[in-house]
Engineer: 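Pasting a structure here, questions to come.
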Amino acid sequence: MRWTKSFIPTLKEVPTDAEVPSHQLMLRAGMIRQLMAGAYTYLPLGFRALRKVENIVREEMDRAGALEMLMPALQPLELFERTGRKETFGNVLIKFDITRRDHKVHLALGPTHEEVVTDLMAKHINSYRQLPVTVYQIQTKFRNEERPRFGVLRTSEFIMKDAYSFSSSLEQLNEAYESMYAAYCRIFERCGLEYVPVEAESGPIGGDASHEFMVPAGNGEDSIVRCAGCGYAANLERAETGRKTPPIATSPDAASLTQVSTPNVGSIEQVSKMLKCDPSQMLKTLIYLADGEPIAVLIRGDHEANEGKIRRALDADVLALADPGTIVKVTNAPVGFAGPVGIKCRVIADHDVPLVANAITGANAADAHLTGVNVGRDYELTETFDLRDASGGDPCPRCSGTLDEVHGIEVGHVFKLGTKYSQSLTANFLDEHEQRHPIIMGCYGIGVTRVLAALAETRHDANGLDWPISVAPYEVAVVPLNVTDAEVMTPAEQIYSDLQQAGVDTLLDDRDARPGFKFKDLELIGIPLRIVIGGKGIKEGIAEVKWRTDAEATKVPLNEVAAHVAKLVQDARAKFA
RNA sequence: CGGGACGUGGCGCAGCCUGGUAGCGCGCUUGACUGGGGGUCAAGAGGUCGCAGGUUCAAAUCCUGUCGUCCCGACCA
């Protein structure tokens with residue numbers, strides 16, 4: 001492509017609305033333009049990069065045996081009513097009515113396609129002989145994000161690859177899951193992304209039912225912990241900590257138990273402000289109902305309770321925060337004043353709780369808190385549990401290392417769904433004994449547009465973007481320094497044409513501009529390889545070849561440049577194949 | 001949905017407090033010079049100051065409303 005024939009509106013200055021690097025750079029490089037909050041146009045350069053990511057995804061999905069198809073973005077709202085996700089999605093689901101003849105048709109724009117694909121399979125799968133099967137599509141999704149953010153990283157319309165596996169047994173599901181997991185690793189590697197697979201929530205199947213693929217990045221919206229020692233990684237919700245039950249003993253410095261008046265002040269934040277103490281000096285007492293039984297859960301004031309862990313510690317099936325009535329019954333006080341001292345229900349505590357000497361807790365009396373609360377004297381504990389979200393600095397659960405907390409961008413998610421959708425949409429199969437079972441499903445998503453944003457976010461320097469050759473909109477830029485000089489243009493044209501013949505994606509910067517201007521633009525755009533043809537080199541009979549990240553160029557004889565660069569490109573491609 | 005900020009040529013901004021009919025840099029057009037890291041000179045084009053209403057002889061400027069965009073938080077199969 002000749003630059004002068006393309007549409008590459010680069011920007012020297014940073015648009016005010018862009019804060020994060022990926023947004024600023026993709027805007028400045030002329031790859032995207034915003035239409036409105038959460039909706040972007042991909043300009044020719046951005047679209048080329050997007051297509052390259054899509055093709056990598058497509059190749060690896062195909063290689064894993066998944067079958068590509070295309071489902072409608074337009075979907076009947078009824079499907080979401082049948083699975084209960086109309087409520088689950090709530091405002092995120094884009095719903096609207098259209099008129100056909102004399103009646104209204106209720107529609108939604110697909111935020112994902114579990115419903116549509118399950119409905120499809122329900123109509124066509126009858127026998128275990130038809131299973132397993134995995135289908136996928138690459139398509140635009142619609143979600144009414146409450147708050148679109150960070151340019152292309154979080155939008156209301158985005159391109160996603162979504163795959164769905166259908167199995168007749170858990171073994172088959174696990175096989176499909178493993179195969180997708182492996183394909184994801186290949187995809188992200190081929191895209192040149194630094195990624196971390198983390199354990200995510202365990203769904204209805206239990207065990208390792210879900211992994212998220214995260215790209216560590218300062219501006220990532222999710223937090224994960226990982227251990228540099230053993231590689232353990234998980235999202236905050238799911239992460240275990242390596243903490244153990246500490247010695248449970250009353251502190252030798254135990255102060256006397258004192259009740260203080262805290263009228264209308266119930267939250268940790270308010271109480272700590274009023275009593276001028278740090279939240280870590282407080283103990284929150286959360287009243288839950290575990291399978292209908294009230295139970296008090298003690299967590300240090302500055303920590304977050306983790307309901308999944310609490311449920312597992314109690315071996316409960318159903319766990320929910322208790323209603324105000326139960327709280328009054330158990331604590332003799334309205335919500336906000338619960339404490340372990342004298343509470344009328346079972347108490348369990350997080351590992352960090354007994355370590356807080358002279359804690360501040362609710363007094364189990366309206367408008368009052370207790371100070372100087374100490375384990376062993378004022379309340380009893382025999383053991384403690386891991387009941388809170390993990391955070392940086394916690395010991396690793398798998399080795400003797402320490403967990404680091406890092407922000408990440410979620411670029412992919414694999415999930416063992418089980419039979420949630422096949423049951424609500426009656427997608428059944430007959431096994432070899434003529435028994436009817438719901439099909440066991442898995443779903444696997446990759447945010448294609450988000451992969452691009454994550455690359456921009458993590459691969460750039462002061463001069464601009466730095467695309468891996470597998471994703472770069474063009475692999476090579478041919479830069480004649482003086483386009484009015486035939487001595488320069490003739491070999492430049494020849495090299496450009498030879499590279500195209502060799503199947504290299506080449507951009508010819510044929511603009512009549514000064515060299516510095518062109519160099520800056522190319523570095524901004526992030527084309528991996530640059531060939532410069534200028535007066536100086538012509539005299540020596542050479543062109544200069546330089547990688548985007550190299551400091552120095554290599555001189556290559558003019559008549560060898562095309563072949564030399566084609567070889568460089570092939571070798572570089574091989575690293576991402 | 002709570003909190004904050006901002007809307008002035010394509011982009012970045014000043015002007016607003018203290019009302020008097022819009023300016024700077026970049027970009028763009030034309031010409032000349034220039035030609036290895038975002039050039040120089042000259043001449044130009046381009047804005048109902050987000051929108052609506054109000055106050056006033058007069059509104060980019062003051063008041064009210066509204067729309068939009070961004071940031072922090074809540075939310076995110």
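Quantities reported herein were computed from a predicted structural model and do not represent experimental measurements. Each chain gets a letter, A, B and so on, in the order its sequence line appears, and its residues count up from 1. Computed over heavy atoms, backbone and side chain alike; hydrogens, waters and symmetry mates excluded.
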Engineer: Give every residue pair that meets the salt bridge (Lys or Arg N to Asp or Glu O under 4.0 Å) criterion with at least one member in residues 10-22 of chain A, sequence neighbours excluded.
Structural biologist: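 Qualifying pairs: none.
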Engineer: For A:Tyr181, which residues count as a ring-ring contact (aromatic ring centres under 6.0 Å, His included) partner, sequence neighbours excluded?
Structural biologist: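 Checked A:Tyr181 against ring-ring contact (aromatic ring centres under 6.0 Å, His included); matches are A:His211, A:Phe213.
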Engineer: Could you work out the separation of B:A60 and B:G7 based on their P atoms and round it to a whole Å?
Structural biologist: 16 Å
Engineer: Roughly how many Å apart are B:C11 and B:G27, using the P atom of each and rounding to a whole number?
Structural biologist: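 The answer is 15 Å between these two P atoms.
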Engineer: What is the base-pairing partner of B:U48, counting Watson-Crick and G-U wobble geometry with both distances under 3.5 Å?
Structural biologist: none
Engineer: Any base atoms under 4.0 Å from A:Gly537, or only sugar-phosphate, or nothing? Heavy atoms, all strands.
Structural biologist: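 Base contact.
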Engineer: Suppose you measure atom C1' in B:G31 against the same atom in B:G15; what distance do you get, rounded to whole Å?
Structural biologist: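 It comes out at 34 Å once rounded to the nearest Å.
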Engineer: If you look at every strand shown and take non-hydrogen atoms under 4.0 Å, does A:Glu544 touch a base, only sugar-phosphate, or nothing?
Structural biologist: base
Engineer: Taking salt bridge (Lys or Arg N to Asp or Glu O under 4.0 Å) as the cut-off, I'd like each qualifying pair that reaches into residues 539-548 of chain A, sequence neighbours left out, listed once.
Structural biologist: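 Those involving residues 539-548 of chain A are A:Asp461-A:Arg548, A:Glu540-A:Lys555.
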Engineer: Looking at every strand, decide which applies to A:Arg530 at a 4.0 Å heavy-atom threshold: base, sugar-phosphate, or nothing.
Structural biologist: base
Engineer: On a whole-Å scale, what distance lies between the C1' atoms belonging to B:G53 and B:G10?
Structural biologist: 31 Å
Engineer: Scan A:Asp485 against the nucleic acid and name what it touches under 4.0 Å (heavy atoms): base, sugar-phosphate only, or nothing.
Structural biologist: nothing
Engineer: Any strand is fair game: report the nucleotide pairing with B:U69 by Watson-Crick or G-U wobble, both distances under 3.5 Å, or none.
Structural biologist: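 When the pairing criteria are applied, B:A5 turns out to be the nucleotide that pairs with B:U69.
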Engineer: Contact class for A:Phe80 (heavy atom, under 4.0 Å): base, sugar-phosphate, or nothing?
Structural biologist: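 Contact class for A:Phe80: none.
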Engineer: Taking atom P in both B:U69 and B:C75, what distance in whole Å separates the two?
Structural biologist: 23 Å
Engineer: Any chance CD of A:Glu194 has more than 12 other-residue heavy atoms, nucleotides or ligands included, within less than 6.0 Å?
Structural biologist: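 No, not enclosed.
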Engineer: In whole angstrom, give me the gap between the P atoms of B:U66 and B:G9.
Structural biologist: 24 Å
Engineer: What nucleic acid atoms does A:Asp512 come within less than 4.0 Å of, heavy atoms only: base, sugar-phosphate, or nothing?
Structural biologist: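 The residue A:Asp512 makes base contact.
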Engineer: For B:G19, give the paired nucleotide (Watson-Crick: N1-N3 plus N6-O4 or O6-N4; G-U: N1-O2 and O6-N3; both under 3.5 Å), or none.
Structural biologist: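 Partner of B:G19: none found under 3.5 Å.
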Engineer: What is the pairing partner of B:C33, taking Watson-Crick or G-U wobble pairs with both distances under 3.5 Å in any strand?
Structural biologist: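 Base-paired to B:G39.
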Engineer: Within residues 33-45 of chain A, which residues have any heavy atom lying less than 4.0 Å from an atom of RNA chain B?
Structural biologist: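 Residues of residues 33-45 of chain A under 4.0 Å from RNA chain B: A:Gln34, A:Met36, A:Ala37.
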Engineer: Which value, in whole Å, describes the distance between the C1' atoms of nucleotides B:U61 and B:A22?
Structural biologist: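 One C1' to the other, the span is 11 Å.
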Engineer: My understanding is that only residues two or more places apart in sequence, or in another chain, count here; which of them pass ring-ring contact (aromatic ring centres under 6.0 Å, His included) with A:Tyr474?
Structural biologist: none
Engineer: Take atom CD in A:Glu487; do more than 12 heavy atoms of anything else shown fall under 6.0 Å from it?
Structural biologist: no
Engineer: Under a plain distance cut-off of 3.5 Å, with no hydrogens placed, do A:Asn174 and A:Glu178 share a side-chain donor-acceptor pair?
Structural biologist: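 Their side chains do not contain a donor-acceptor pair, so the 3.5 Å distance test is not met.
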Engineer: Enumerate the residue pairs fulfilling ring pair (Phe, Tyr, Trp, His ring centres under 6.0 Å) with a member in residues 9-49 of chain A, sequence neighbours excluded, ordered by first and then second residue.
Structural biologist: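 Passing the test, one end in residues 9-49 of chain A: A:His23-A:Tyr40.
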Engineer: Only counting residues at least two apart or in another chain, list the ones meeting ring-ring contact (aromatic ring centres under 6.0 Å, His included) with A:His437.
Structural biologist: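 So A:His437 forms a ring-ring contact (aromatic ring centres under 6.0 Å, His included) with A:Phe429.
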Engineer: What distance, rounded to whole Å, do you find between the two C1' atoms, one in B:C13 and one in B:U56?
Structural biologist: 30 Å
Engineer: Whom does B:G25 pair with, Watson-Crick or G-U wobble, provided both distances fall under 3.5 Å?
Structural biologist: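 Result: B:C11.
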Engineer: Check every strand shown and say whether A:Ala18 touches a base, only sugar-phosphate, or nothing at a heavy-atom separation below 4.0 Å.
Structural biologist: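 The residue A:Ala18 makes no contact with any strand.
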Engineer: What range of RNA chain B does chain A touch, first nucleotide to last, counting atoms under 4.0 Å from its heavy atoms?
Structural biologist: B:C11 to B:A77
Engineer: Table please: side-chain donor-acceptor pairs of residues 511-531 of chain A below 3.5 Å, with sequence neighbours left out.
Structural biologist:
from	atom 1	to	atom 2	distance (Å)
A:Arg511	NE	A:Asp509	OD1	2.9
A:Arg511	NH1	A:Asp521	OD2	2.7
A:Arg511	NH2	A:Asp509	OD2	3.0
A:Arg511	NH2	A:Asp521	OD2	3.2
A:Lys518	NZ	A:Pro480	O	2.7
A:Lys518	NZ	A:Asp509	O	3.0
A:Lys518	NZ	A:Arg511	O	2.8
A:Asp521	OD1	A:Thr10	OG1	3.0
A:Asp521	OD2	A:Thr10	OG1	3.3

Engineer: Using a 4.0 Å heavy-atom cut-off across all strands, classify A:Leu11 as base, sugar-phosphate, or nothing.
Structural biologist: nothing
